[in-house]
J.: 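My questions will all concern the structure given below.
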There are 2 protein chains.
Amino acid sequence: MAVTLADVAARAGVSSATVSRVLNGNYPVAGSTRERVRRAVAELDYVVNGQARALAAASSDLVGVLVNDVADPFFGLIASALQREIGAGPGNPPSGGKLAVVCNTGGSPESELTYLTLLERQRAAGVVLTGGAVEDGPHTAAVAARLARLASSGTRIVLCGRPPLPDTAPGITTLTFDNRGGARRLTEHLLSLGHRRIGCVAGPPERSTTRHRLEGHYAALAAHGLVPGDGDAVGSGDLPGQPVVYGGYDRSSGYDGALELLRKDPSVTAVVASNDAAALGVCAALRDRGLRVPGDISVAGFDDLPFSVDASPALTTVRIPLQEAGARAGRLVLGRSAPPPGWVATVTTELMVRESTAPPAHPARTARTDR
Amino acid sequence: MAVTLADVAARAGVSSATVSRVLNGNYPVAGSTRERVRRAVAELDYVVNGQARALAAASSDLVGVLVNDVADPFFGLIASALQREIGAGPGNPPSGGKLAVVCNTGGSPESELTYLTLLERQRAAGVVLTGGAVEDGPHTAAVAARLARLASSGTRIVLCGRPPLPDTAPGITTLTFDNRGGARRLTEHLLSLGHRRIGCVAGPPERSTTRHRLEGHYAALAAHGLVPGDGDAVGSGDLPGQPVVYGGYDRSSGYDGALELLRKDPSVTAVVASNDAAALGVCAALRDRGLRVPGDISVAGFDDLPFSVDASPALTTVRIPLQEAGARAGRLVLGRSAPPPGWVATVTTELMVRESTAPPAHPARTARTDR
DNA sequence: CTGTTAGCGCATTCAA
DNA sequence: TTGAATGCGCTAACAG
């Protein structure tokens with residue numbers, strides 16, 4: 001069997017309480033005794049039993065991180081920065097360092113609930129939920145209820161990249177991304193280049209991120225009088241001359257979406273994609289149809305993932321400081337950073353203009369009506 | 001406080017032992033009693049305390065995953081597949097599902113040791129170490145010793161993408177990647193296109209992955225009589241006409257390495273990079289120098305990460321089935337899959353020929369000596 | 001400053 | 001089939 005506190009105590013000729021004290025260093029112990037204990041620990045290669053300690057102290061070294069998929073760089077970047085912030089290493093107490101439990105939910109609320117239960121079992125010190133939320137009544141409510149319970153039992157909750165919960169339960173900190181503003185600036189950029197017919201390959205319609213990006217898109221269009229309203233309400237159908245298709249946040253969705261978009265309205269001169277991966281799919285589809293980017297059609301992404309700069313043409317996109325956000329979420333979930341006023345903070349986004357967007361080839365065309 | 005087993009027992013009018021039995025379902029319990037307990041559990045929203053359970057049962061629901069950096073798609077893909085395999089979800093026992101503890105080590109052996117200690121504290125059910133090892137005597141030995149101890153105390157150990165430990169301790173399963181064979185086939189591909197002067201932007205010299213890929217590279221060159229020896233021994237210096245520079249596994253290393261390579265030997269007609277990310281850096285550097293890929297110089301990567309197909313030109317590279325490997329590592333670390341004979345299995349790699357490699361523009365040039 | 005005592009919440013003997 | 005009792009390894013009062 002493994003060596004226990006008692007073994008160390010016996011070896012050092014002291015009581016187990018004393019060993020516990022030197023180990024935790026939260027109580028005065030005589031220097032000589034401490035040395036003796038230290039030696040015994042080293043000689044026996046003793047490693048504390050975290051489960052016993054957690055049980056006795058009602059504490060935990062675990063922090064849960066719920067992501068859609070860590071293999072997706074969007075989530076990988078957040079998770080990585082978060083882990084680095086809370087884990088062992090410089091800047092953290094030497095013996096300290098929490099462990100990051102990464103859970104792939106695939107965006108499914110059922111899966112989120114399952115993992116929240118698993119993390120509650122472990123009495124996790126904190127839980128960070130990343131990525132947009134599914135906007136579906138019952139499930140959302142169930143998740144919110146679960147989170148409220150966790151929070152009330154002392155688990156710190158941080159939402160990173162998703163909108164605040166309806167009734168901002170105290171103790172739940174939210175770090176939203178300014179998807180709406182970023183999308184708006186992106187579409188404004190296209191409009192200022194002269195584009196008047198802009199297609200959109202959006203993400204899954206049920207996700208908050210999709211909705212917010214679309215709202216920003218519409219807001220920019222509305223400000224130019226290209227669609228009715230103020231863009232706050234996103235309709236389900238297409239707006240005249242500004243086609244939208246829904247898909248996923250992956251490359252193939254972008255590919256398929258672009259083809260569908262061209263079928264619906266061959267006269268679009270620019271396409272905004274749900275994110276960078278989809279944008280690359282859009283570019284591939286356009287290339288396969290013999291269209292050049294940005295010569296014939298401009299394409300824009302979202303997120304500014306590392307590979308976007310290496311695509312050719314390099315992608316115009318909206319940068320979200322994912323690593324900073326992940327690190328901050330880490331500090332918040334450890335309580336090492338004070339929660340923002342009102343428990344909600346917004347992470348700003350930045351337009352990155354690169355090579356995949358340019359003025360339309362035939363600006364005149366955008367003026368005529370096609371049907 | 002949280003509701004405990006005793007609370008449930010009181011509510012159901014049974015003993016806590018009975019509740020434990022229905023919960024674990026590993027002991028006969030009368031149907032009616034079971035129903036009563038079930039109801040009490042539901043009414044009280046009871047969630048077992050994993051730490052207490054782990055302490056009492058000497059078990060654990062945690063599996064550690066050591067990676068260089070989850071944000072790197074190479075590791076992200078492995079970690080993701082692994083998590084999916086061991087986590088909650090279809091295919092796994094409903095109440096089951098282990099939690100994946102992801103640790104960024106940055107490749108540093110000290111960091112590896114630290115996290116191994118943290119995982120030992122938690123009495124993790126298993127630990128998976130991914131990515132190449134640092135080939136530095138003392139540290140490697142320390143890690144090996146630590147792993148042996150973990151293994152002997154019942155923790156399942158799986159090495160995924162690194163060479164087997166010197167003295168293959170029983171209980172330690174290894175899934176090596178055939179970096180050597182892949183690199184050899186890649187260089188052979190370039191040779192068969194007519195290249196005779198091939199530069200190499202290698203990874204960090206102290207890593208096993210770097211060494212293996214270089215060995216494969218040299219083996220191919222040696223087979224064509226372009227370098228002396230059989231390629232098994234990798235020298236530290238350059239071989240005549242086949243320049244090598246060392247860097248990292250990231251884009252900027254590729255960029256800098258390419259420039260250095262051109263400085264050393266402007267006559268190279270092809271460059272093999274340490275991996276795909278570095279290859280994109282190489283491409284960028286060449287473009288900045290006014291060279292076209294593959295028109296002027298061919299470039300090849302390694303790993304075949306998702307973005308490689310979207311680069312332009314699409315990267316010729318060597319595919320490693322990272323997701324399959326990660327999933328398999330997951331099965332092995334849970335003991336759900338029988339370890340391979342000899343505790344070691346090799347994951348094969350596959351040459352992916354795409355657009356970034358082509359015959360050299362001036363094959364004749366490769367024949368003349370430059371100095 | 002140090003030892004003794006009493007749980008933390010659960011699984012698992014052993015009896016009944 | 002069920003209950004009572006014991007201990008997992010550690011921390012946290014409480015004494016001394």
Side-chain angles (χ1 to χ4, degrees), chain A residues 1-38 40-41 44-62 95-96 118 120-125 153-154, chain B residues 1-38 40-41 44-62 95-96 118 120-125 153-154:
Chain A
M1 273 315 287
V3 21
T4 73
L5 244 206
D7 299 332
V8 177
R11 179 86 135 121
V14 298
S15 76
S16 62
T18 300
V19 178
S20 172
R21 284 169 190 139
V22 317
L23 253 42
N24 294 311
N26 52 5
Y27 214 81
V29 171
S32 62
T33 314
R34 192 181 326 153
E35 231 1 88
R36 221 148 19 100
V37 171
R38 286 254 160 79
V41 166
L44 266 47
D45 257 331
Y46 171 71
V47 175
V48 296
N49 184 323
Q51 314 176 313
R53 162 183 288 184
L55 181 58
S59 69
S60 167
D61 287 342
L62 265 35
S95 79
L118 255 36
E120 184 172 355
R121 270 195 200 166
Q122 303 298 327
R123 302 297 187 261
S153 79
Chain B
M1 275 314 288
V3 22
T4 73
L5 244 206
D7 299 332
V8 177
R11 179 86 135 121
V14 298
S15 74
S16 61
T18 301
V19 178
S20 172
R21 284 168 188 141
V22 290
L23 253 42
N24 294 311
N26 52 4
Y27 213 81
V29 172
S32 62
T33 313
R34 191 180 327 153
E35 230 3 88
R36 221 143 25 97
V37 171
R38 286 252 160 79
V41 166
L44 267 45
D45 258 330
Y46 170 72
V47 175
V48 295
N49 183 322
Q51 316 176 312
R53 162 183 288 183
L55 181 57
S59 70
S60 167
D61 287 343
L62 265 35
S95 79
L118 255 36
E120 184 172 355
R121 269 195 200 165
Q122 301 298 327
R123 303 296 188 261
S153 79

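Letters go in sequence order (proteins before strands), and every chain restarts at 1. Worth knowing before you read on, the calculation uses all heavy atoms, side chains too, and leaves out hydrogens, waters and symmetry mates.
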J.: Between atom CG in N49(B) and atom P in dG9(C), what is the gap in whole Å?
T.: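 Nearest whole value for this atom pair: 7 Å.
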
J.: Atom CD of Q51(B) and atom P of dT11(D): how far apart are they, to the nearest Å?
T.: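 Result: 13 Å.
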
J.: Measuring to OP1 and OP2 of dT11(D), would you say a side-chain N or O of N24(A) lies under 4.0 angstrom away?
T.: yes

J.: Under 4.0 Å, heavy atoms only, any strand: does V48(B) hit a base, just the sugar-phosphate, or nothing?
T.: sugar-phosphate

J.: Would you mind classifying the nucleic acid contact of A57(A) as base, sugar-phosphate or nothing, using non-hydrogen atoms under 4.0 angstrom?
T.: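 Result for A57(A) = sugar-phosphate.
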
J.: Does R21(B) get its side chain close enough to the base of dT13(C), under 3.5 Å, for a donor-acceptor pair?
T.: yes

J.: I want to confirm an ordering. Mapping A30(B) and Y27(A) to their closest nucleotides on DNA chain D, which one lands closer to the 5' end?
T.: A30(B)

J.: Under 4.0 Å between a side-chain N or O of T18(A) and OP1 or OP2 of dG3(C)?
T.: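 Affirmative; the distance criterion is met.
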
J.: If you look at every strand shown and take non-hydrogen atoms under 4.0 Å, does S16(B) touch a base, only sugar-phosphate, or nothing?
T.: nothing

J.: Base, sugar-phosphate, or nothing: which does L5(A) touch, judged by heavy atoms less than 4.0 Å apart?
T.: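 Base contact - L5(A) has a heavy atom under 4.0 Å of at least one base atom.
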
J.: Between atom CD in E35(B) and atom P in dT1(D), what is the gap in whole Å?
T.: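 Rounded to the whole Å, the gap is 16 Å.
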
J.: Determine whether any donor atom in the side chain of R123(B) lies under 3.5 Å from an acceptor atom in the base of dG9(D), or the reverse, and answer yes or no.
T.: no

J.: I need the CG-P distance between L55(A) and dT11(D), as an integer number of Å.
T.: 11 Å

J.: Identify whether any heavy atom of A17(A) sits under 4.0 Å from a base atom; if not, whether one sits that close to sugar-phosphate; answer base, sugar-phosphate or nothing.
T.: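 Here A17(A) touches the bases of the nucleic acid.
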
J.: Describe the nucleic acid contact of S20(B) in one word from base, sugar-phosphate, nothing, applying a heavy-atom distance below 4.0 Å.
T.: base

